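Here is the structure we will look at.
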Amino acid sequence: MKKPGYTYILFNKRNGALYAGVTSSLIQRIAQHKEGTFDGFAKKYGINKLGYYEVFDDMRDAIAREKQIKAGGRAAKMRLIEKDNPTWRDLWADIVR
């Protein structure tokens, strides 16, 4: 049975620090980032605003996409955010409706 997955990009402010990740539960994982549950890069730099995400039917595809996103560099991550979210709005409210 396939397990769904999500890739996401977080930011702390427009054109600020970025973090790309993968998860099987987007709402739970973004809530953890917002609460600062885990120590690490995202918590250290206050990176907790959801700027971009993708949904996959299979977690393996999400993991492969995360690797592509991370390999693409900063400019590529910024283009992904700005393509569908040009105002750099925190998409958190959209996913918890």
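Just so you know, these numbers use all the heavy atoms, side chains as well, and skip hydrogens, waters and symmetry mates. All values derive from a computational prediction rather than experimental measurement. In what follows, residues are counted from 1 in the order of the sequence shown.
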- Item | Minimum heavy-atom distance K77-A20, with the two atoms named | CE-CB, 4.2 Å
- Note on the structure: Between E66 and T7, the two heavy atoms sitting closest are N-CG2, 3.6 Å
Sequence neighbours excluded and cut-off under 3.5 Å, please list the side-chain donor-acceptor pairs for residues 40-48, or say none.
{"from": "K43", "atom 1": "NZ", "to": "G36", "atom 2": "O", "distance (Å)": "3.2"}
{"from": "K43", "atom 1": "NZ", "to": "D39", "atom 2": "OD1", "distance (Å)": "3.0"}

- Going through the distances and angles, do V22 and R29 end up as a side chain to side chain contact (heavy atoms under 4.5 Å, CB included)? CA-CA 9 Å; V22 64; R29 186 67 182 119; over 6 Å; no
Please say yes or no: joined through hydrophobic side-chain contacts below 4.5 Å, possibly via intermediate residues, are [X] and [Y] part of one cluster?
X   : Y   : value
I69 : I63 : no
I81 : L10 : no
V55 : W92 : yes
I9  : Y6  : no

- Taking it one step at a time, do D90 and K34 satisfy side chain to side chain contact (heavy atoms under 4.5 Å, CB included)? CA-CA 11 Å; D90 184 356; K34 290 195 167 292; 2.7 Å; yes
- Determine, stepwise, if the pair L18 / M78 fulfils side chain to side chain contact (heavy atoms under 4.5 Å, CB included). CA-CA 8 Å; L18 302 173; M78 291 177 67; 3.8 Å; yes
- Query: Between I30 and L26, is a side chain to side chain contact (heavy atoms under 4.5 Å, CB included) present by the stated rule, with each step listed?
  - Reply: CA-CA 6 Å; I30 302 309; L26 187 62; 3.8 Å; yes
- Where the side chain of K49 meets the backbone of N12, is there a donor-acceptor pair that is under 3.5 Å apart? yes
- Task: Check W88, Y19, Y52 against F11 for a side chain to side chain contact (heavy atoms under 4.5 Å, CB included) and give me the one that passes.
- Result: W88
